[in-house]
Amino acid sequence: MSHVKDYVRSTYNIRHFLTYADNYAIGYFKKQGFTTEIALDKSQWMGYIKDYEGGTLMECSMVDRVKYLDVVNIISAQRYAVFQKIREATNSEKIYPGLKVPKSQLPISPQHIPGVIEAGWTPETEKSSQKLMPRQRGPLYMFMKKVVSELQDNNNSWPFAAPVSGVQDYYDVIKEPMDLKTLDENVEADKYQTSDQFYKDVNLIFTNCRTYNADGSAYVKCANRLEKWFKERYKILKIEMAII
């Protein structure tokens with residue numbers, strides 16, 4: 001892909017790539033510099049690229065100052081420069097003698113361990129770090145976060161991004177509202193103890209949409225396309241991430 005970028009830019013003076021990526025290949029295209037956020041004005045591409053079901057429109061904008069064939073060397077040079085600065089600012093390479101403490105004297109205070117004080121440790125920093133310890137998250141959390149993120153990135157998810165507002169009778173008809181913002185908040189709040197509970201709430205988004213909106217409406221079409229993609233992607237991710 002780096003060869004293509006450098007060649008096309010230098011030969012045709014093109015700065016943007018647009019493609020419909022298969023929904024199973026979105027991750028690959030992201031690694032190549034593509035994003036689902038389309039910055040190129042629609043007037044420049046609308047009518048030239050076909051809308052595909054089961055695919056996601058993605059864009060890659062090239063940076064003039066970057067020679068893409070040299071990206072690996074550029075990153076290596078930056079990495080080396082960062083490590084050099086770190087070495088200059090720390091004593092991380094200094095080796096301290098090990099401990100020789102009889103078992104009868106264990107445990108000992110961290111401040112008596114050679115190098116701990118020199119590294120900046122104090123009893124206060126230990127207490128504050130314990131308070132700031134993040135919650136331990138398991139594989140189910142990572143799986144659900146990935147699913148929510150990919151749902152939010154899908155081109156068909158725009159009607160379901162946030163709770164419905166400004167529709168007078170919506171909550172008279174829909175008694176169990178659900179949207180991607182609320183879904184993500186539920187994941188963060190550890191509401192879902194199983195993947196089935198999570199799956200049920202995702203399906204609620206599509207069911208609610210078809211309950212309130214007329215068949216053939218833009219909202220229902222988006223729901224149907226997103227639901228089809230979700231069910232296929234959900235199965236694949238469960239296998240890849242070993243989720244029961």
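Index from 1, following the sequence. The figures that follow rest on heavy atoms only: side chains count, while hydrogens, waters and symmetry mates do not.
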If you round to the nearest 0.5 Å, how far is [atom2] of [Y] from [atom1] of [X]?
X      : Y      : atom1 : atom2 : value
Ile74  : Gln78  : CD1   : CD    : 7.0 Å
Leu57  : Asn155 : CG    : CG    : 6.0 Å
Glu176 : Thr211 : CD    : OG1   : 10.5 Å
Gln152 : Ser149 : CD    : OG    : 6.0 Å

Yes or no on side chain to side chain contact (heavy atoms under 4.5 Å, CB included) for Met241 and Leu140, after CA distance, side-chain angles and deciding distance? CA-CA 9 Å; Met241 300 180 73; Leu140 179 61; over 6 Å; no
[X] (side chain) donor-acceptor with [Y] (main chain) under 3.5 angstrom:
X      : Y      : value
Asn208 : Ile174 : no
Thr182 : Met178 : no
Asp179 : Ile205 : no
Tyr171 : Val164 : yes
Ser195 : Ile244 : yes
Trp45  : Leu18  : no
Glu59  : Thr36  : no
Asn213 : Cys209 : yes
Arg9   : His16  : no

Any non-hydrogen side-chain atom of [X] less than 4.5 Å from a side-chain atom of [Y]?
X      : Y      : answer
Val167 : Tyr212 : yes
Leu99  : Ile108 : yes
Phe198 : Asn186 : no
Val66  : Lys5   : no
Lys145 : Val187 : yes
Tyr12  : Tyr7   : yes
Gln32  : Met58  : no
Lys191 : Asp201 : yes

Arg233 charged N/C atom sitting above Phe230 aromatic ring, 6.0 Å / 45°: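 Relative to the ring axis of Phe230, which defines the angle, Arg233 lies outside at least one limit.
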Is it true that Phe143 and Tyr192 have ring centroids separated by less than 6.0 Å?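 Distance test on ring centres: not under 6.0 Å, no.
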Is the [atom1] atom of [X] crowded by more than 12 outside heavy atoms at less than 6.0 Å?
X      : atom1 : result
Met1   : CE    : yes
Gln84  : CD    : yes
Tyr219 : OH    : no
Asp215 : CG    : no
Lys175 : NZ    : yes
Tyr96  : OH    : yes

Quick one: closest heavy-atom pair of Ala21 and Phe29, and the distance?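 Nearest heavy atoms, Ala21 then Phe29: CB-CD1, 3.5 Å.
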Would [X] and [Y] show up in the same hydrophobic cluster when neighbours are defined by side-chain heavy atoms closer than 4.5 Å?
X      : Y      : value
Met144 : Phe206 : yes
Val8   : Val71  : yes
Met142 : Tyr199 : yes
Phe17  : Tyr28  : yes
Tyr234 : Trp229 : yes

Pair [X], [Y]: side-chain N/O donor-acceptor within cut-off below 3.5 Å:
X      : Y      : result
Asn23  : Thr56  : yes
Asp190 : Tyr141 : no
Asp196 : Thr194 : no
Ser157 : Asn154 : no

Do you know which of Arg225, Glu227, Lys228 makes side-chain hydrogen bond (donor to acceptor under 3.5 Å, both in side chains) with Asn156?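 Answer to the side-chain hydrogen bond (donor to acceptor under 3.5 Å, both in side chains) test with Asn156 among Arg225, Glu227, Lys228: Arg225.
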For Cys222 and Phe160, run side chain to side chain contact (heavy atoms under 4.5 Å, CB included): C-alpha distance rounded to whole Å, both residues' side-chain angles, the deciding distance at 0.1 Å, then the answer. CA-CA 9 Å; Cys222 282; Phe160 320 112; 4.3 Å; yes
Check this for me, if you would: do Glu240 and Lys146 make a salt bridge, where the nitrogen-to-carboxylate-oxygen distance has to be below 4.0 angstrom?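 Answer for the salt bridge query: no.
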Step by step, work out the side chain to side chain contact (heavy atoms under 4.5 Å, CB included) result for Asp64 and Arg15. CA-CA 8 Å; Asp64 289 337; Arg15 294 293 181 272; 2.5 Å; yes
Can you check side chain to side chain contact (heavy atoms under 4.5 Å, CB included) on Lys30 and Asp153, steps first, answer last? CA-CA 12 Å; Lys30 283 184 176 180; Asp153 287 342; 3.0 Å; yes
